[in-house]
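Here is the structure we will look at, set down as structure tokens.
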Amino acid sequence: MSNSVAVLGVGMHPWGKWGNNFVEYGVKAARDALRDAGVPWKDVQFIAGANTVRCGYPGYVAGATFAKALGWNGARVASCYAACASGAQALNTARAQILAGMADVALVVGADTTPKGFLAPNKGERPDDPDWLRFRLFGATNPAYFAFHARRRIELYGTTEQDIAEVRVKNGHNGLHNDNARYKKAFTVDEVLASPMVADPLRLFEICATSDGGAAIVIASHEYAKKLGQKPVTIEAISTVTPTYPSTQLELPDLATDSAAAVQVPNMNFKPAMVNAAYEEAGIGPDDISLAEVYDLSTAMELDWYEALQLCPEGDGQKLLRDGDTYIGGRVPVNASGGLACFGEAVPAQALAQVCELTWQLRGQAGGRQVENARYGVTANEGLFGHGSSVVVKAAD
Amino acid sequence: MNSKNQVAAREGWFTLDAERPRLLGSQCQQCHTYYFPVHEQYCRNPECESEQFEQIELSHRGKIWSYTNAAYPPPEPFKAADPYEVFALAAVELEREKLVVLGQLAAGVTVDDVKIGDEVELTLDTLFSDDENDYLVWKWQPVNGGAA
């Protein structure tokens with residue numbers, strides 16, 4: 001119980017391609033979260049911002065940017081950049097303040113405005129930056145990396161192109177019931193398979209878009225929650241571990257992997273190791289999980305996460321899908337929110353949005369996409385440069 | 001026929017010997033782990049504090065770990081051909097070094113020509129050109145003909 005903190009409030013700005021300043025999305029999400037918590041902004045003692053690096057200054061110092069926009073209140077502040085895991089690191093930073101007794105209540109905000117098309121590196125010649133070189137030397141976009149892993153599933157695990165298209169169908173249906181989702185459209189498998197090939201075997205409707213959006217969470221100590229008379233959903237674990245050497249899975253934006261010539265590869269790759277660290281911290285196992293929000297940067301990647309979450313053995317992800325286990329109403333629904341398929345990625349907000357969704361689900365406030373009788377939810381997320389996160393959220397006792 | 005200078009698109013990462021191109025890497029002199037590209041400052045094996053490295057030529061053959069293609073032109077700083085030509089990419093596992101290196105598949109090789117585990121070898125090709133130079137990069141060529 002020692003690592004448990006209370007989730008008092010959550011809020012989001014709807015995902016879309018709005019084209020406004022990211023601060024506006026963050027403020028909307030923050031005000032919704034504070035209202036949901038019943039906590040006035042002036043009472044917040046710590047604010048953590050998840051950074052975006054594409055908007056330039058002041059995107060690099062998001063904590064202070066959001067604090068200024070909400071009105072300077074003298075709170076302690078932190079800003080976190082960890083690629084797609086920025087939001088979870090900001091959340092973990094705020095949690096540490098609360099667990100250390102340095103703050104009773106904290107606000108965490110992430111928001112982003114994204115350009116059109118493929119995510120591309122910043123301008124300028126940077127011949128020592130792998131994220132620049134992968135484009136210059138190979139034309140290796142983000143979907144190319146997702147496709148390497150999708151191809152391995154197909155050739156090594158027997159996943160079919162119909163299976164991965166079915167992931168999009170499932171998530172599209174879930175997203176119909178989510179007002180914060182950007183894409184609210186149901187697809188058939190045939191429609192997904194008819195969309196243009198982008199990075200073989202991944203098609204346009206199977207690759208996550210980039211979106212504008214914002215998400216915010218108010219967390220507090222259990223004592224603070226009790227004073228407010230709340231019986232809150234709680235965060236039981238936040239894993240933000242690094243990979244273990246040697247990392248031999250080619251991940252964004254690697255040009256080459258570590259070598260396994262001198263040291264044996266670890267028992268667990270990065271994804272399962274990251275989730276396992278969250279399970280261990282929460283003192284639970286995969287059988288305790290009622291639902292999951294995972295990073296479906298591609299449809300095939302969602303199946304990778306089923307295995308990383310230990311919901312099934314390695315290589316069996318598509319069986320879970322085919323059996324209906326990961327649909328709403330199934331054994332362990334995955335991406336009841338509609339996932340990245342329906343949101344598109346707003347990088348610094350996305351890991352927080354996953355926690356917002358679990359909070360609504362565990363409170364029974366998820367409307368037409370409600371998962372019944374959920375007790376534990378888990379998130380999983382991975383991004384560039386060895387960053388990732390997994391958060392365990394628990395229903396109120 | 002071609003009077004332009006042949007230069008590496010990323011200097012120091014591979015040799016420009018057209019007959020016998022090689023990727024240049026490093027080997028730690030203490031734990032013997034390998035690196036690509038050249039890495040000579042500090043060993044990244046957490047059990048090893050070595051700062052002694054030898055520059056080596058990496059295996060020029062390997063097996064396809066996975067592959068894909070770029071159906072649409074990648075953004076800058078990639079210099080896409082005009083008109084655009086779809087190309088394939090491979091991540092290739094080197095047996096001795098036990099690491100995976102990215103590269104394009106040789107011109108004309110498509111995703112239908114290869115599968116995981118196929119043997120490929122290093123070749124050089126022009127990535128892009130300007131008025132003075134052809135900028136070369138390594139690519140992976142299927143050993144058994146590939147695009148037959």
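What you see is a predicted model, and the numbers here were worked out from it, not measured in a lab. Lettering of chains follows the sequences in order, A, B, ..., and the numbering in each one begins at 1.
With a 4.5 Å cut-off on side-chain heavy atoms, B/T33 and A/Y245 count as touching. Between B/I116 and A/R151, the closest side-chain pair of non-hydrogen atoms falls below 4.5 Å. Side-chain atoms of A/F148 and B/L89, non-hydrogen and from C-beta on, do get closer than 4.5 Å to each other. Looking only at side-chain heavy atoms (C-beta outward), A/D254 and B/L102 stay at 4.5 Å or farther from each other.
A pairwise comparison of heavy atoms in A/A147 and B/S66 identifies O-OG, 4.4 Å as the closest pair. Shortest non-hydrogen contact noted between A/L250 and B/A91 is CD2-CB, 3.8 Å. Of all non-hydrogen atoms in A/S259 and B/E97, the two that sit nearest each other are OG-O, 2.6 Å. Smallest separation of non-hydrogen atoms from A/A262 and B/C31: CB-O, 3.2 Å.
Using modelled atom types, no side-chain atom of B/T68 and backbone atom of A/A144 make a donor-acceptor pair closer than 3.5 Å. Remark: side-chain polar atoms of B/N69 are paired, donor with acceptor, to backbone N or O of A/D200 under 3.5 angstrom.
For CD of B/E119, the number of neighbouring non-hydrogen atoms (other residues, nucleotides, ligands) closer than 6.0 Å is greater than 12. The number of heavy-atom neighbours closer than 6.0 Å to CG of B/D130, taken from other residues, nucleotides and ligands shown, is above 12. A 6.0 Å sphere centred on NZ of B/K79 holds more than 12 heavy atoms belonging to other residues, nucleotides or ligands.
The line from OH of B/Y72 to CE of A/M197 is 10.5 Å long, rounded to the nearest 0.5 Å. B/E93 contributes atom CD, which lies 7.5 Å from atom OG1 of A/T257 (distance to the nearest 0.5 angstrom).
In this structure, the portions of B/Q104 lying under 4.5 Å from any heavy atom of chain A include both its backbone and its side chain. A/Q249 touches chain B through backbone and side chain together, each having a heavy atom under 4.5 Å away. In this structure, no portion of B/K139 lies under 4.5 Å from any heavy atom of chain A. For B/V137, the part lying near chain A is the side chain, with the backbone staying farther off; criterion is any non-hydrogen pair under 4.5 Å. Heavy-atom distances place the side chain of A/L133, and not its backbone, under 4.5 Å from chain B. Proximity to chain A (any heavy atom under 4.5 Å) is restricted, for B/V111, to the side chain, taken from C-beta onward. Residue B/A90 touches chain A through its backbone alone, counting heavy-atom pairs closer than 4.5 Å.
Heavy-atom proximity under 4.5 angstrom to chain A picks out B/R44, B/N45, B/P46 from residues 38-57 of chain B. Among the residues in residues 9-27 of chain B, those with a non-hydrogen atom closer than 4.5 angstrom to a non-hydrogen atom of chain A are B/A9, B/R10, B/W13.
Between chain A and the options B/F36, B/Y135, B/Y67, heavy-atom pairs under 4.5 Å are most frequent for B/Y67. Most heavy-atom pairs under 4.5 Å with chain A: of the set B/K115, B/R96, B/E76, this distinction falls to B/K115. Looking only at heavy-atom pairs under 4.5 Å with chain A, the residue among B/V101, B/V100, B/L127 that has the most is B/V100.
Considering B/W138, B/F78, B/F87 as possible partners of A/F138, the one that fulfils the ring pair (Phe, Tyr, Trp, His ring centres under 6.0 Å) test is B/W138.
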